[in-house]
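Let me begin by presenting the structure, written as structure tokens, before commenting on it.
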Amino acid sequence: MPDSLSTSAAPATLAPANPDAHRRRLRLAQAVLLLFHVTGFVGLAFSQDPGFYLQFVPLNLLLTAGLLLAFQPERSPTFWVFCAVTAVVGFFVEVVGIRTGVLFGQYTYGATLGWKWLGVPLLIGLNWTLLTYMTGILARYLPLPGFLRAVVAALLMVGLDLCIEPVAVRYDFWTWQYDVIPMLNFKGWFAVSLILQVYFNRTEFVKRNPLVPFVYLVQLLFFFGLGMLL
């Protein structure tokens, strides 16, 4: 089965040629991401001009994507297809979401996430890809069958969304009708996430990235901490 093939150990040729240099690169990437998130946290939480820090949100997302990509052991054509399909699906799911209100509830996107097309920020597709990729890899640490891993990964995505929502509303990532986050949003997130995770499990590329646990934890603490201060 494709899922069992993709869980196999990476070929020896994918191991770092210089483990010490690899560890240094990893520590540097972690330090850069930590610096960006700590600066953003302090700026948004305590600055009298949070708008200055909000303008760097798209840059932070692109930086995170670039660093995660740098630590993906093998960037095969299948990997790029996975990234493209997930981004396109995620983007158009959001287009349907804002136009119908059926999937997540009634909401609109603000200006914080940058340029929009069809009412949805272009970076939203990238965000769906990153979240699917990270949580899919995290779930693979568990000795579970493929579908159960997909469920766990989808729950990890919903858990992060629970932390993001209060911050997103406060800082104009998006706004909800009547300023109420509906339960439908989390149900819709779980359903879409589960579909994308099943697709993740069925694609064949190396699903291993040493930077993923750090990125997920930093983002979780960032949004949870800001949410607690709001």
Side-chain angles (χ1 to χ4, degrees), residues 33 36-37 39-41 43-45 47 49-66 68 83-135 154 156-197 199 215-216 218-220 222-230:
L33 287 170
F36 264 71
H37 283 82
T39 302
F41 181 88
L44 293 178
S47 172
D49 183 22
F52 173 79
Y53 297 90
L54 289 174
Q55 67 182 325
F56 296 107
V57 169
L59 175 61
N60 186 50
L61 184 59
L62 290 170
L63 173 67
T64 301
L68 284 170
C83 292
V85 169
T86 308
V88 170
V89 169
F91 180 85
F92 282 104
V93 160
E94 298 283 354
V95 172
V96 173
I98 64 170
R99 289 173 179 258
T100 67
V102 172
L103 295 177
F104 307 112
Q106 297 291 341
Y107 67 108
T108 56
Y109 278 100
T112 300
L113 292 174
W115 294 326
K116 289 183 277 189
W117 180 50
L118 302 177
V120 175
L122 294 174
L123 285 177
I124 283 296
L126 175 63
N127 192 57
W128 273 99
T129 298
L130 292 183
L131 292 179
T132 304
Y133 173 76
M134 289 195 299
T135 55
L156 288 173
M157 289 181 70
V158 174
L160 185 56
D161 185 53
L162 278 167
C163 296
I164 291 174
E165 284 293 342
V167 177
V169 171
R170 170 66 177 82
Y171 294 111
D172 198 33
F173 288 46
W174 54 79
T175 56
W176 292 98
Q177 188 178 41
Y178 310 123
D179 294 325
V180 175
I181 305 169
M183 184 58 65
L184 177 61
N185 172 60
F186 303 110
K187 294 178 180 178
W189 253 77
F190 178 78
V192 175
S193 300
L194 183 59
I195 292 170
L196 291 176
Q197 289 299 335
Y199 172 59
V215 173
Y216 184 87
V218 165
Q219 290 192 349
L220 189 69
F222 176 85
F223 286 108
F224 180 78
L226 276 180
M228 292 297 291
L229 292 174
L230 294 180

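All residue numbers in this chain count up from 1 along the given sequence. Because the structure is a prediction, the values reported are computed rather than measured. These values consider heavy atoms only, across backbone and side chains, with no hydrogens, waters or symmetry-generated copies.
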| task | Rounded to the nearest 0.5 Å, what's the gap from OG1 on Thr132 to CG on Asn127? Could you check? | result | 9.0 Å
| remark: Output for pair (Thr108 OG1, Asp172 CG), nearest 0.5 Å, gives 8.0 Å
| request: Would you please classify the geometry between the Phe92 ring and the Trp117 ring as parallel, tilted or perpendicular, with 30° and 60° separating the classes? | output: perpendicular
| note | Here the pair of heavy atoms bringing Leu44 nearest to Pro50 is CD2-O, 3.7 Å
| field | Residues, nucleotides or ligands: over 12 heavy atoms within 6.0 Å of Lys116 NZ | value | yes
| note | In this structure, CG of Leu156 is separated from OH of Tyr216 (nearest 0.5 Å) by 4.5 Å
| message | Pair Glu165, Trp174 - check side chain to side chain contact (heavy atoms under 4.5 Å, CB included), show working. | response | CA-CA 9 Å; Glu165 284 293 342; Trp174 54 79; 3.0 Å; yes
| Taking side chain as C-beta onward, heavy atoms only, is Phe190 less than 4.5 Å from Leu194? | yes
| message | Within the 4.5 Å heavy-atom criterion, are Phe104 and Trp189 side-chain neighbours or not? | response | yes
| message | I'd like to check Thr64 versus Phe36 (side-chain heavy atoms, cut-off strictly below 4.5 Å). Are they in contact? | response | no
| Side chains of Leu160 and Ile164 in contact at under 4.5 Å (non-hydrogen atoms) | yes
| Okay, side chain of Thr112, backbone of Tyr171: is any donor-acceptor separation there less than 3.5 Å? | yes
| note | When every non-hydrogen atom of Pro182 is compared with those of Gly105, the smallest separation belongs to CG-CA, 4.1 Å
| said: Testing the basics here: between Leu118 and Ile98, what is the closest heavy-atom pair and its distance to 0.1 Å? | reply: O-CD1, 3.4 Å
| Is the number of heavy atoms from other residues, nucleotides or ligands under 6.0 Å of Phe224 CZ greater than 12? | no
| task | For the pair Phe56 and Thr39, evaluate side chain to side chain contact (heavy atoms under 4.5 Å, CB included) and give the outcome as yes or no after the intermediate values. | result | CA-CA 11 Å; Phe56 296 107; Thr39 302; over 6 Å; no
| note | Taken to the nearest 0.5 Å, the spacing of Trp115 CH2 from Leu123 CG works out to 9.5 Å
| message | I'd like to check Trp128 versus Val89 (side-chain heavy atoms, cut-off strictly below 4.5 Å). Are they in contact? | response | no
| task | With the side chain counted from C-beta on, respond yes when Leu196 and Leu131 share a heavy-atom pair under 4.5 Å apart, and no when they do not. | result | no
| task | Please report the closest heavy-atom contact between Val102 and Leu184, naming both atoms and the distance. | result | O-CD2, 3.4 Å
| said: Parallel, tilted or perpendicular, judged at 30° and 60°: which one describes the rings of Trp176 and Tyr107? | reply: tilted
| task | Looking only at non-hydrogen atoms, find the nearest pair between Leu113 and Phe173 and report the distance. | result | CD2-CD2, 4.0 Å
| said: Quick check against the 3.5 Å criterion: does Thr135 have a side-chain atom that pairs as donor or acceptor with the backbone of Met157? | reply: no
| Looking at Tyr109 and Pro121, what are the two nearest heavy atoms and their distance? | CG-CD, 3.3 Å
| task | Look up atom CG in Leu220 and atom CG in Leu162, then write down how far apart they are to the nearest 0.5 Å. | result | 10.0 Å
| message | What verdict does the side chain to side chain contact (heavy atoms under 4.5 Å, CB included) test give for Phe52 and Ser47, after you've listed the backbone C-alpha separation in whole Å, the side-chain angles of each residue and the deciding distance to 0.1 Å? | response | CA-CA 9 Å; Phe52 173 79; Ser47 172; over 6 Å; no
| Derivation and outcome, side chain to side chain contact (heavy atoms under 4.5 Å, CB included), residues Val57 and Leu54 | CA-CA 5 Å; Val57 169; Leu54 289 174; 4.2 Å; yes
